[in-house]
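Note sheet for the following structure.
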Amino acid sequence: MKSVVFIEKNPIDNLLRNVSLELTHKAYLLSHPLGGEVVGIFTGDALPQNSDELFKYGMNRLLYYTDERLANLHSIAYKNILESMIRSEEPEIVLFGATHTGRDVAPLIASSLKTGMTADCTQLYIDEFKDKGKILYQMRPAFGGNILATIITPDPRPMMATVREGVMLLPDEHLNNPVITEAYPIDFNEHWIKSEFLKIVPKIKKVDFNSANIIVSGGAGVGSAENFRLIRELAHALGGEVGASRAAVDFGFVEKDHQVGQTGSVVRPKLYIACGISGQIQHRAGMEESQKIIAINKDPDAPIFNIAHMGIVGDLNEIIPVMLRYLKEEN
Amino acid sequence: MKKIVVLAKQVPDTANVTVDAMKSDGTVNRAALPAIFNPEDLNALEMALSIKDKLGADVIVITMGPPKAVEILKHSLYMGADRIMLITDRKFAAADTLATSYVLAETIKRIGNVDLVLAGRQAIDGDTAQVGPQVADKIAFNQITYVSALKEITDDYLVVERDGDVQTEVMKTGYPVLLTVTTEANTHRYPNCRKMLQFFRADLKDNFNETDRLLAAENGWIIPTYTLEDLELDEDRCGLKGSPTRVHKIKSIMLKGGDLKMYGTDATDIKHLVRDIMKDYVEVN
Ligand SMILES: Cc1cc2nc3c(=O)[nH]c(=O)nc-3n(C[C@H](O)[C@H](O)[C@H](O)COP(=O)(O)OP(=O)(O)OC[C@H]3O[C@@H](n4cnc5c(N)ncnc54)[C@H](O)[C@@H]3O)c2cc1C
Ligand SMILES: Nc1ncnc2c1ncn2[C@@H]1O[C@H](COP(=O)(O)O)[C@@H](O)[C@H]1O
């Protein structure tokens, strides 16, 4: 069972996006036991600086087509190039990161290949299906996160899926696959470039959930932007990052970058402290895989307690200052 | 004058899912959910209408869905759409994004000479964001997704802001093009009172009796519907038949529950909690 993985870089720092490593490893777990290869496909102005990293996560070969005109996302050009690579490899599985680039190009390719594609999968596994043999089972939340659906593509190949960054885990152990990169020949056509990029403004990322062991998040229960200072102080005292529910973002307590959940970031820290967050499904979708969850909420029936490992029922405005005091003492 | 097609979908209001929205077997009870105009499709329609205000345009709203979806088409008329089309047929049922985009793309080809297609970024029932691009592919249009602002529009080109995930891009492109539009793009207008009075009786042809039908036709109250046959579509590419994906299993999300350790709120309890956090999670160096 051969897999093809779309490899993407961050145009700002020229480094691989995490999701490309995560999907390479996932593809390895799916394909390797069945004797299948993992092939990366890349297009852009130049290969990511650290593309060799991919081979530590299970990549067998990386196909690329580079051209300085392709520094930015020209949908039609990207689609034609990547589709050609996929057709030449004839994989059974094709994985794209559910980034704003992946979600732009992947559906164009699925349409052109007349095959099925499942967006934003949270779990992927292989199993038998009737007389079709082994196929890919793709699980994803639907209906605003209220149900979990398992989607399959019994017939046409390849079976395509997108996965959001942070959803698939990276292994601790590294492989040492040889680095094999192959320039893929393309008859580039000027007409594939249809838009002009007049201006590009990098988004300054103020929040780093990936390297944080602890995330302290505040919700609507925090009450005001002024009170949100407590969340920042607690995060700071613990050496952690600040998270938030969408309600806290919508009320303007904190910037959108901090949002955790279905429409925010998916996080998986060692410890997640949810303060004044009820624990609605869309929020849980982004944090329930945290190793340990502490909930501070004045409502003992808040759904967050159903997934928490430690909890306090009470007013966060009284509890957090006490925590901060003891933290100072402990240090 | 531009010919603009807006793709709009009626969706269950997944933001307000209540307990009775889930059946005991774990499937969704659509009947218990109010049906609404997909939020980002309203932003797409608003963009079309703002272009019409500026340059003049023929704004055509199309939806593929059950007869009940006339509700969003009427709403489109109230907001100022020029034409509406309901694409409806039992044979379209259970379509995935590939089959849906086939039907919508064929409809756009039948309309002909379209300059601009506007879709919502995604529909809140499936959140797939696939239908827009898949239509663009089938009608061989250029596309720009995640459009968060329309900066400039002329008869020859448009300039939009695209909300990429690591950078914001200001892009210029000619026609024809398909854009998928996000909630940030604009604030949509409300229905216009005069248009509401004009069209509140608009309905499907079969819902008028013989005597009223003539009057309804004269007043433009009959909502045009198109079936698989009307559009001369390939049945194998529609509905379930034309959908490569299958829903294998559905389960409703249940809370795990389990080992919850509670701490009290007095100072010593909080001290214990802080100790536990420090011991296990904070590296002291
Ligand atoms: C399509 C869609 C996508 C969404 N995406 C996301 C997403 O990515 N992330 C997200 O978070 N949400 C998302 N939501 C919104 C989600 O449904 C909830 O509305 C949101 O998570 C609620 O935030 P909250 O828990 O902070 O607020 P609430 O539900 O209002 O809960 C506030 C909690 O604070 C407690 N509280 C109040 N005062 C205090 C106090 N003084 N001390 C202690 N506790 C107190 C209350 O008991 C309550 O439990 C999405 C919704 C939709 C429809
Ligand atoms: N049945 C439909 N009829 C008309 N437009 C649709 C339909 N389904 C999806 N769309 C359009 O495609 C967008 C993306 O939908 P989706 O891929 O389902 O997230 C929506 O916001 C609509 O603009």
Side-chain angles (χ1 to χ4, degrees), chain A residues 10-12 72 75-76 99-100 103-104 107-108 110-112 114-120 137 142-144 146-156 194-203 213-214 238-239 270-271 281 303 305-312 314 319 322-323 326-327 330, chain B residues 12 14-15 17 21-22 28 96-98 101 124-130 133-134 136-138 142-146 159 163-173 244-253 255-257 259-263 265 267 270-271 273-278 281-282:
Chain A
N10 180 338
I12 294 161
N72 290 302
S75 308
I76 307 304
T99 60
H100 293 198
R103 285 176 129 224
D104 181 281
L108 290 173
S111 165
S112 208
K114 295 201 177 67
T115 193
M117 184 169 108
T118 309
D120 295 352
Y137 285 74
F143 257 76
N146 293 282
I147 59 174
L148 195 60
T150 307
I151 313 284
I152 54 174
T153 303
D155 259 331
K194 292 183 182 292
S195 312
E196 200 184 323
F197 286 80
L198 302 182
K199 197 167 122 195
I200 285 171
V201 187
K203 287 190 181 170
N213 279 332
I214 300 180
L238 293 168
K270 293 211 170 78
L271 180 67
I281 182 93
F305 287 116
N306 288 312
I307 58 163
H309 305 90
M310 297 179 250
I312 300 189
I319 294 165
V322 182
M323 290 177 77
Y326 284 122
L327 275 167
E330 295 277 321
Chain B
T14 55
V17 174
M22 301 302 292
V28 180
D96 70 5
T97 63
L98 195 73
S101 60
I124 60 168
D125 54 348
D127 295 332
T128 76
Q130 285 171 197
Q134 298 199 321
D137 180 62
K138 292 184 169 72
N142 181 25
Q143 75 170 14
I144 301 178
T145 55
Y146 290 90
V159 178
D163 176 37
D165 33 18
V166 288
Q167 60 190 26
T168 306
E169 296 147 347
V170 178
M171 299 170 74
K172 177 179 170 179
T173 190
T245 60
R246 290 279 175 278
V247 178
H248 175 67
K249 214 166 56 192
I250 277 183
K251 72 174 189 217
S252 57
I253 308 252
L255 294 178
K256 286 194 282 222
D259 56 334
L260 175 62
K261 181 173 174 190
M262 292 305 286
Y263 293 78
T265 47
I270 296 177
K271 191 168 184 171
L273 174 66
V274 169
R275 284 250 161 88
D276 288 348
I277 295 176
M278 294 298 284
Y281 301 100
V282 181

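Numbered from 1 within each chain, the chains take letters A, B, ... in sequence-line order. Just so it is clear, the model here is predicted, and its values are computed rather than measured.
- When each of A:Thr153, A:Leu108, A:Ile76, A:Ile200 is checked for heavy-atom pairs under 4.5 Å with chain B, A:Leu108 comes out on top.
- Ranked by non-hydrogen atom pairs under 4.5 Å with chain A, the options B:Asp276, B:Ile277, B:Val166, B:Thr173 are led by B:Val166.
- For the set A:Leu238, A:Thr99, A:Asp120, A:Asp155, the count of heavy-atom pairs under 4.5 angstrom toward chain B peaks at A:Thr99.
- Proximity to chain B involves both the backbone and the side chain of A:Pro154, based on heavy atoms less than 4.5 angstrom apart.
- Put simply, the side chain of A:Lys203 gets close to the backbone of B:Gly164: a donor and an acceptor are under 3.5 Å apart.
- Between B:Gln167 and A:Pro202, the shortest heavy-atom distance links the atoms CB-CA, 4.0 Å.
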* Asked: For B:Lys249 and A:Tyr137, what are the C-alpha separation, side-chain angles and deciding distance, and is it a side-chain contact (heavy atoms from CB on, under 4.5 Å)?
  -> CA-CA 10 Å; B:Lys249 214 166 56 192; A:Tyr137 285 74; over 6 Å; no
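- For a residue to count as touching a neighbouring chain, one of its non-hydrogen atoms must lie under 4.5 Å from one of that chain's; by this rule A:Ile151 touches chain B with backbone and side chain alike.
- Looking at residues two or more places apart in sequence or on another chain, you find a salt bridge (Lys or Arg N to Asp or Glu O under 4.0 Å) between B:Arg275 and A:Glu330.
- Residue contact with chain A, scored on non-hydrogen atoms closer than 4.5 Å, involves the backbone and the side chain of B:Val247 alike.
- Annotation: ring-ring contact (aromatic ring centres under 6.0 Å, His included) contacts of A:Tyr326 (sequence neighbours excluded): none.
- For A:Asp104, the parts lying near chain B are the backbone and the side chain together; criterion is any non-hydrogen pair under 4.5 Å.
- Residue with the most contacts toward chain A among B:Asp163, B:Thr245, B:Val170: B:Val170 (heavy-atom pairs, distance under 4.5 Å).
- Contact of A:Ser112 with chain B is made through backbone and side chain together, with heavy-atom distances under 4.5 Å.
- Contacts of B:Thr168 with chain A are made by both backbone and side-chain atoms, with heavy-atom separations under 4.5 Å.
- Looking only at heavy-atom pairs under 4.5 Å with chain B, the residue among A:Pro11, A:Ser75, A:Pro107 that has the most is A:Pro107.
- At a 4.5 Å heavy-atom cutoff, the contact between B:Tyr263 and chain A is made by backbone and side-chain atoms alike.
- Between A:Ser195 and B:Met171, the shortest heavy-atom distance links the atoms CB-CE, 3.8 Å.
- Side chains of B:Lys138 and B:Leu98 form a contact here, defined as non-hydrogen atoms less than 4.5 Å apart.
- Annotation: side chain of B:Thr145 is not in contact with side chain of A:Arg103 (no heavy-atom distance under 4.5 Å).
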